[in-house]
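The block underneath contains the structure these notes are about, expressed in structure tokens.
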Amino acid sequence: MADPTAPHDDLDLPVRLGPRPPRRVVSLVPSLTEAVAATAPGLLVGATDWCSHPADLSVTRIGGTKNPDVPGILALAPDLVLANEEENRRPDLNALRAAGVPVWVTDIRTLDDAFRSLDRLLTRACGLPRPAWLDEAEAAWSGAGTGAGSGDSPAEPDGPRTVVPIWRRPWMVLGRDTFAGDLLRRLGLRLVHADHPERYPAVPLPELLACRPELVVLPDEPYRFTAEDGPEAFPGTPAALVSGRHLTWYGPSLVTAPAVLRQALHHPFGPGGTGAS
């Protein structure tokens, strides 16, 4: 029988934590790894191969976000595993639960989701004090772009019509209901595919060009777009190369994300952009 006193994660699933705060945490999400490491460095005992921040993170690596080493995770005897509904596979999480490991799953589609989710994960799931960096992140975004911040409804953006590829071969772009799309909207961009039925639709390049975007935003993850790989596909259109960590990660990177992203968006490559060669 489910414990009625157990806290619930973002999917409203009960998470049966122990009688004391977790002391051994495994993170399957780079954003959450950085968030926990910045708040309580000694708490993490395992993280994925893709968890690149902080740079000096010294923990056992347990594979990728989509193919974690479940037996390896169990061998670490974690008190808690942190996961994300979009990044991690349900069968892996179910296998951990079946082995008796508490799993806390986040579900983040907007900036406000991120602030609420991070607060609950760190204070309720991990038993930590609310970190100062989370307050700093909320303050940084409260004055960003369209004036949107935690608890605010962002005004309708009036910036350039924008296409945001996240992959090529095939081309895929940001569609509806995405965290990265919400950040760009708060910075004033009008995403061409914001109302697409899919969150990450595959759209052939001729169709992207036919949209006549006024700006193309090219992050360096998940596909690593560069000045030599990406802008050439959109001749005549300014292309902004942006940090994927600042666009797609929810954690301490949110503190500097508004300034970092605004700088990149205001200095695009191509016609009219100061980054043009």
Taking the side chain from [X] and the backbone from [Y], do they hold a donor-acceptor pair closer than 3.5 Å?
X      : Y      : result
Arg161 : Glu214 : no
Lys66  : Glu87  : yes
Thr48  : Trp50  : yes
Asp119 : Phe115 : no
Asp9   : Val105 : yes
Asp220 : Thr226 : no
Glu136 : Leu134 : no
His196 : Glu198 : yes
Thr39  : Ala35  : yes
Arg61  : Asp49  : no

[X] side chain near [Y] side chain, heavy-atom distance below 4.5 Å:
X      : Y      : answer
Pro71  : Asp69  : yes
Leu121 : Leu32  : yes
Leu80  : Cys126 : yes
Pro7   : Trp104 : yes
Val216 : Pro238 : no
Pro102 : Val81  : no
Arg262 : Leu187 : yes
Thr162 : Pro213 : no

Electrostatic pair [X]:[Y] at N-O distance under 4.0 angstrom:
X      : Y      : answer
Arg168 : Asp229 : yes
Arg176 : Asp195 : no
Asp79  : Arg20  : yes
Glu34  : Arg245 : yes
Glu138 : Arg116 : no

Inspect the surroundings of CZ in Arg124 and state if more than 12 heavy atoms from other residues, nucleotides or ligands are less than 6.0 Å away.
-> no
Greater than 12 external heavy atoms within 6.0 Å of Arg23's CZ | no
Examine Trp133 together with Tyr250 and report whether their ring centres are nearer than 6.0 Å.
-> no
Closest approach of [X] and [Y], non-hydrogen atoms and distance?
X      : Y      : answer
Tyr200 : Met172 : O-CE, 3.2 Å
Pro258 : Leu254 : CD-O, 3.4 Å
Leu191 : Gly181 : CD2-CA, 3.7 Å
Val103 : Val15  : O-CG2, 3.4 Å
Ala83  : Leu93  : CB-CD2, 3.7 Å
Thr65  : Pro68  : O-CD, 3.8 Å

With Arg109 as reference, evaluate Asp177, Asp182, Thr178 under the side-chain hydrogen bond (donor to acceptor under 3.5 Å, both in side chains) test and give the passing residue.
-> Asp177
Output the distance between atom [atom1] ([X]) and atom [atom2] ([Y]), rounded to the nearest 0.5 Å.
X      : Y      : atom1 : atom2 : result
Ser117 : Asp112 : OG    : CG    : 12.0 Å
Asn88  : Asn67  : CG    : CG    : 10.5 Å
Leu184 : Leu174 : CG    : CG    : 7.0 Å
Glu85  : Asp10  : CD    : CG    : 10.0 Å
Leu82  : Leu43  : CG    : CG    : 8.5 Å
Leu209 : Thr237 : CG    : OG1   : 7.0 Å

Criterion side chain to side chain contact (heavy atoms under 4.5 Å, CB included) on Val242 and Leu218, from CA distance to verdict = CA-CA 6 Å; Val242 304; Leu218 299 170; over 6 Å; no
Salt bridge (charged side-chain N to carboxylate O under 4.0 Å, His left out) between Asp135 and Arg130, worked out | CA-CA 8 Å; Asp135 293 328; Arg130 179 180 166 92; 2.7 Å; yes
Taking it one step at a time, do Trp171 and Val203 satisfy side chain to side chain contact (heavy atoms under 4.5 Å, CB included)?
-> CA-CA 6 Å; Trp171 287 92; Val203 183; 5.7 Å; no
Taking atom types as modelled, is there a side-chain donor on His246 or Thr256 under 3.5 Å from an acceptor on the other?
-> yes
If you group Ile, Leu, Val, Met, Phe, Trp and Tyr by side-chain heavy-atom gaps below 4.5 Å, do [X] and [Y] land in one group?
X      : Y      : result
Leu128 : Val59  : yes
Leu189 : Val260 : no
Trp249 : Val217 : no

Walk me through it: do Asp92 and Arg90 pass the test salt bridge (charged side-chain N to carboxylate O under 4.0 Å, His left out)?
-> CA-CA 5 Å; Asp92 297 321; Arg90 189 171 301 173; over 6 Å; no
With side chain to side chain contact (heavy atoms under 4.5 Å, CB included) as the test, would you mind laying out the steps for Val26 and Val45 before giving the verdict?
-> CA-CA 6 Å; Val26 171; Val45 295; 3.9 Å; yes
Could you walk me through whether Tyr223 and Arg169 pass the side chain to side chain contact (heavy atoms under 4.5 Å, CB included) test, one step at a time?
-> CA-CA 10 Å; Tyr223 185 92; Arg169 307 181 190 94; 3.1 Å; yes
Quick one: salt bridge (charged side-chain N to carboxylate O under 4.0 Å, His left out) partners of Glu86, sequence neighbours excluded?
-> Arg199
Between Val173, Leu208, Val163, Val164, which is the residue that forms a side chain to side chain contact (heavy atoms under 4.5 Å, CB included) with Val192?
-> Val163
